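Only a predicted model underlies this, so the values are computations on that prediction, with no experimental measurement involved. One-based numbering, in listed order, for ligands and for the atoms of each. Numbers here are sequence positions counted from 1. Just the heavy atoms: all of them, side chains too, but no hydrogens, waters or symmetry mates, feed the values below.
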Amino acid sequence: MNCLWSLSLLHLVTLWANAALITENGLPILWDQASSQLSDLPQADNVVTVNPWNYLHRMSLYRIMLSSTNRYMGSIGSTEADSPLWGLPLQLGWKLRSGRLVDPTGATTCGQEVDPMCISAKSWWSCVNHHLLVVPFLAGVRKGVIGDGFLQVQMQAPAESAEVYCISFADCSATHPDLMTKWENFFDTLKNMSESEISDFEKRDQILGAYWAGQQQSLKTASSSCKEKMSAYSSPEVLFANNWMNSADYVAATYFLSNINNSVLFMSPLPSRVLKEGDSPPNIADLSSEENHTLYMFDWMNRMNRYLFGSLVKMWRSAMCSDKAREKGRELLQDLVQNPKFAASTFLSILTEMVRSC
Ligand SMILES: *[C@@H]1O[C@H](CO)[C@@H](O)[C@H](O)[C@H]1NC(C)=O
Ligand SMILES: *[C@@H]1O[C@H](CO)[C@@H](O)[C@H](O)[C@H]1NC(C)=O
Ligand SMILES: *[C@@H]1O[C@H](CO)[C@@H](O)[C@H](O)[C@H]1NC(C)=O
């Protein structure tokens with residue numbers, strides 16, 4: 001009896017810890033300490049300087065991006081909580097809480113308890129996030145959606161001189177031209193849609209389409225420019241990181257509305273710590289059953305895709321042929337990721353049926 005009691009208590013604590021992993025009072029980690037206006041950040045001579053190697057600065061960039069884009073998101077929902085941009089800061093919070101922004105080489109204490117707001121330029125996860133933050137932010141400033149059109153933004157380079165990251169609009173456009181174009185296109189779409197006469201339904205489809213095109217290009221660019229940072233991690237973490245990256249293909253194809261509620265649903269079962277050598281999902285003792293299950297499903301989808309020579313992703317994309325199909329796709333993904341009893345074979349048969357009815 002005692003044993004059962006402590007087991008269920010343990011389960012409760014794990015569940016609670018999971019929710020706390022990505023939110024605080026229902027918002028991203030340390031959201032209330034982040035700035036919401038570009039003019040609140042340090043500036044001199046009309047140039048705002050941001051230190052993206054500090055968590056609060058990165059979170060401030062997201063908070064500013066959200067507050068600057070809200071007025072364009074009316075077609076998506078009536079409240080701030082409906083913005084699809086929430087997925088990004090929530091994800092950053094998960095990276096912080098799960099120890100993924102720490103220096104993985106152990107050469108510095110960056111990100112550890114003594115220096116908890118430090119973001120390591122050597123972390124693969126921070127490198128990927130840089131592509132999902134700095135470039136979109138600079139594109140938004142360039143397009144006059146963020147800021148007043150006069151303030152310029154400059155990013156600090158990392159302290160480790162060996163690490164190369166772009167720091168300004170000119171610099172980032174030169175190093176990542178395709179990526180910058182995609183995000184400029186997203187901000188242009190926001191502006192265009194606010195003046196367009198088409199229905200809210202069509203606007204929403206275009207905004208989400210441009211948003212996911214930007215995200216996909218960020219991940220694609222990051223997968224090559226951050227690649228060498230993977231060598232600092234265990235093989236299970238590398239496998240998870242790759243699977244996490246690939247899972248975005250499935251999410252993007254559904255035009256997932258990554259508002260607060262939907263994002264929390266999908267991110268809560270992500271692993272709460274960096275995986276170590278010897279961790280073997282779905283049998284990692286100190287992870288919750290949801291975390292075990294998610295890791296297992298990610299891996300299954302990736303293996304299936306390889307067995308089918310990449311056609312699982314292709315099949316999925318072709319099944320997402322209409323707004324109705326995309327809605328069904330979102331439900332299917334939810335079952336797959338969240339419901340430990342949901343079998344892979346069910347997924348395949350539903351998917352086959354969906355492709356047929358396109
Ligand atoms: C926005 O509208 C302008 C003017 O109509 C057009 O030239 C441009 O291609 C549009 N851009 C996007 C991304 O919709
Ligand atoms: C999010 O979920 C909460 C609790 O389930 C609910 O009260 C709220 O209305 C939801 N918000 C949105 C924007 O869907
Ligand atoms: C994760 O998986 C392993 C084996 O299935 C198990 O030992 C561990 O308890 C799991 N976590 C939970 C909470 O189910």
Side-chain angles (χ1 to χ4, degrees), residues 38 61-80 82-89 91 128-153 155 166 168-223 248-259 262-263 317-318 320-327 329-330:
L38 191 56
L61 295 185
Y62 278 138
R63 191 163 174 188
I64 294 165
M65 208 189 304
L66 259 130
S67 65
S68 314
T69 49
N70 272 331
R71 64 199 152 108
Y72 298 102
M73 298 288 184
S75 58
I76 295 195
S78 53
T79 74
E80 194 184 6
D82 295 314
S83 172
L85 292 175
W86 283 106
L88 296 168
Q91 212 172 83
V128 174
N129 177 257
H130 195 272
H131 293 76
L132 287 164
L133 172 61
V134 167
V135 175
F137 193 86
L138 293 170
V141 173
R142 178 69 168 197
K143 289 294 168 184
V145 171
I146 299 171
D148 57 6
F150 292 103
L151 281 177
Q152 306 273 306
V153 176
M155 304 288 163
C166 70
S168 64
F169 178 81
D171 185 22
C172 295
S173 308
T175 44
H176 308 304
D178 297 343
L179 182 54
M180 192 57 92
T181 305
K182 282 281 193 313
W183 283 107
E184 283 182 279
N185 185 63
F186 168 69
F187 289 102
D188 276 339
T189 305
L190 283 185
K191 290 201 290 188
N192 281 5
M193 290 303 112
S194 69
E195 288 159 7
S196 166
E197 306 278 300
I198 61 175
S199 72
D200 276 358
F201 185 82
E202 290 166 292
K203 287 181 183 177
R204 177 180 153 132
D205 203 58
Q206 294 218 19
I207 292 173
L208 289 175
Y211 173 68
W212 282 105
Q215 281 232 10
Q216 288 291 81
Q217 190 67 33
S218 287
L219 293 181
K220 191 171 160 212
T221 310
S223 76
D249 284 338
Y250 297 92
V251 177
T254 68
Y255 285 11
F256 184 64
L257 175 52
S258 43
N259 61 22
N262 292 345
S263 300
R317 280 204 204 103
S318 56
M320 299 301 118
C321 57
S322 66
D323 50 336
K324 284 229 166 54
R326 285 194 280 271
E327 190 176 335
R330 289 189 287 268

ask   = Are the side chain of Ser83 and the backbone of Glu80 linked by a donor-acceptor contact shorter than 3.5 Å?
value =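 It does not hold such a pair.
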
Please produce the table of protein N or O atoms sitting under 3.5 Å from N or O atoms belonging to ligand 1, one pair a line, distance to 0.1 Å.
residue	atom	partner	partner atom	Å
ligand 1	2 (O)	Asn192	OD1	3.1
ligand 1	2 (O)	Asn192	ND2	2.4
ligand 1	11 (N)	Asn192	ND2	2.9
ligand 1	14 (O)	Asn192	ND2	2.9

inquiry  = Within a 6.0 Å radius of atom CD on Gln216, are there more than 12 heavy atoms belonging to other residues, nucleotides or ligands?
reply    = yes

request  = Quick one: list whatever passes side-chain contact (heavy atoms from CB on, under 4.5 Å) with Ala222, sequence neighbours left out.
outcome  =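 So Ala222 forms a side-chain contact (heavy atoms from CB on, under 4.5 Å) with Val128, His131, Cys226.
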
note = Hits for salt bridge (charged side-chain N to carboxylate O under 4.0 Å, His left out) against Asp171, two or more places apart or cross-chain, chain-then-number order -> none

Name the atoms and distances for all side-chain donor-acceptor pairs under 3.5 Å in residues 202-211, with sequence neighbours left out.
residue	atom	partner	partner atom	Å
Glu202	OE1	Ser199	N	3.2
Glu202	OE1	Ser199	OG	3.1
Lys203	NZ	Met193	O	3.3
Lys203	NZ	Ser196	O	3.3
Asp205	OD1	Arg326	NH2	3.1
Tyr211	OH	Pro84	O	3.1
Tyr211	OH	Gln215	NE2	2.9

ask   = Is there a donor in the side chain of Thr189 and an acceptor in the side chain of Asn192, or the other way round, less than 3.5 Å apart?
value =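 Note: Thr189 and Asn192 side chains miss the donor-acceptor criterion.
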
